[in-house]
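Data block below; observations after.
On a predicted model such as this, the values are computed, not experimentally measured, just so you know.
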Amino acid sequence: MKKKIASMLILPSLACSAFASEQASPHQFTGSASLVSDYTFRGVSQTWHRPALQGSLEYQHTSGVFATLWASTVSEKVIAGTHAEIDTTLGYRNTLNDHASYGASVIAIYFPGGNWNQMRWGDRPDQAYDTSEINVFAGYKWVSAKYSRTLTDLLGFNEKTGFSGKTKGAVYLEINADVPLAQTGFVLALHAGRQNFNSSPIGISPVAKDYAISIKKTFDRRWAGSVQVARNTNTALFGTTRSNLDEKDIRDLGKARLSMSLSRLY
């Protein structure tokens, strides 16, 4: 009788477990909200070395298809006519085994209201900053590499905005490494990137290299923080950047600078 009762209890339980497993959703949503002391894009500050608020929402399907919405505040001194950047990404990623991964995506970067003609000095053309790129990436354990190529002029850099030609087709190569620091939960993140704009202002190299090193940690899967130092080496292009609001306000937006971030994970 005890065995029969046990069977009557166990079998429904197993059936419910199997049913729950079969009904597991193939869809997953994650998100984050962050405060950063300086938002840098490929080693160049987009906030005039000021803090930024950022947020993200990502959809992931078990097939590997994913879509991401990401947004950040930016400075009108850097991107004229706007205080926001909105990125939308559609892509695919998967794994070959426990160590190797690969994928590809298309990203559209939108600056609502942003236009070179919103600068308050000089004679500037009607040229939006909006950019789109396609990329492919691969990783092995904690090392990854990515190849990105613009489908449009990068941030509106072209003949109309002082460059010698178009920057459509500009290539960015990057290598990243997230090295776990023993059993501490901290991760040492290393980054090196090389941007070839294909054209540039006369007398300035079209190549810009950037580097970053950071320490980051996730706490209880709900909070994450990092400390980072990033730098862009093309000082001729970014070392004497003039504010869109005041041509006498000049900063080195690519200089090595310490920044911090705090994120709430969802």
Show me the donor-acceptor pairs, under 3.5 Å and distance only, between side chains in residues 223-231 and residues at least two apart or in other chains.
{"residue": "S226", "atom": "OG", "partner": "S261", "partner atom": "OG", "Å": "2.6"}

CG (L245) and NZ (K77) are apart, to the nearest 0.5 Å, by 6.5 Å

Test salt bridge (charged side-chain N to carboxylate O under 4.0 Å, His left out) applied to K146 - qualifying residues, sequence neighbours left out: none

Salt-bridge criterion met for R257 and D38 (N-O under 4.0 Å): yes

Spacing of T47 atom OG1 and I79 atom CD1 [to the nearest 0.5 Å]: 10.5 Å

In the structure I gave you, are the side-chain heavy atoms of M260 and V36 within less than 4.5 Å of one another anywhere? no

Please check this pair: side chain of S259 against backbone of S37, looking for a donor-acceptor N/O pair closer than 3.5 Å. no

Just jot down the salt bridge (charged side-chain N to carboxylate O under 4.0 Å, His left out) partners of R42, sequence neighbours excluded, or say none. E133

For the residue pair Y59 and H27, is the inter-centroid distance of their aromatic rings smaller than 6.0 Å? yes

Flag side-chain contact, heavy atom, 4.5 Å: F197 against Y172: no

To the nearest 0.5 Å, what is the distance between CG on L253 and OG1 on T241? 4.0 Å

Rounded distance [0.5 Å steps], OG in S75 versus NE2 in H83: 7.5 Å

Using side chain to side chain contact (heavy atoms under 4.5 Å, CB included) as the criterion, point out the one residue from Q195, R194, H191 that pairs with E174. H191

Compute both the distance and the angle, then confirm whether R93 meets the cation-pi test with F137: under 6.0 Å from the six-membered ring centre, within 45 degrees of the axis. no

Side-chain touch R124/Q118, heavy atoms, less than 4.5 angstrom: no

Using a strict cut-off of less than 4.0 Å between a Lys/Arg side-chain nitrogen and an Asp/Glu carboxylate oxygen, indicate whether K216 and D178 qualify as a salt bridge. yes

For side chain to side chain contact (heavy atoms under 4.5 Å, CB included), just list the numbers for S243 and W121, CA-CA rounded to whole Å, side-chain angles, deciding distance to a tenth of an Å, and then say yes or no. CA-CA 9 Å; S243 164; W121 57 272; 5.8 Å; no

In T161, N117, N158, the residue satisfying side-chain hydrogen bond (donor to acceptor under 3.5 Å, both in side chains) with Q127 is N158

Which distance, rounded to the nearest 0.5 Å, do you find between the CZ of F238 and the CD1 of I204? 9.5 Å

Kindly indicate whether the side chain of R251, heavy atoms from C-beta on, has any atom under 4.5 Å from the side chain of W48. yes

Apply side chain to side chain contact (heavy atoms under 4.5 Å, CB included) to residues D87 and Y110 and explain how you reach the verdict. CA-CA 6 Å; D87 300 358; Y110 177 55; over 6 Å; no

Within 45 degrees of the axis of the six-membered ring of Y147 and under 6.0 Å from its centre: does R149 put its NZ or CZ there? no

Would you kindly say whether S263 and S32 are connected by a side-chain donor-acceptor distance under 3.5 Å? no

I'd like to know if R120 pairs up with D246 as an ion pair, taking the criterion as any Lys NZ or Arg NE/NH1/NH2 lying under 4.0 Å from an Asp or Glu carboxylate oxygen. no

Under a plain distance cut-off of 3.5 Å, with no hydrogens placed, do T68 and T89 share a side-chain donor-acceptor pair? no

Beyond-backbone contact of F111 with D130, side-chain heavy atoms, under 4.5 angstrom: yes

Taking the side chain as every heavy atom from C-beta outward, state whether T82 and V74 have any pair of such atoms under 4.5 Å apart. yes

Would a 4.5 Å heavy-atom cut-off, applied to side chains only, mark T233 and Y211 as touching? yes

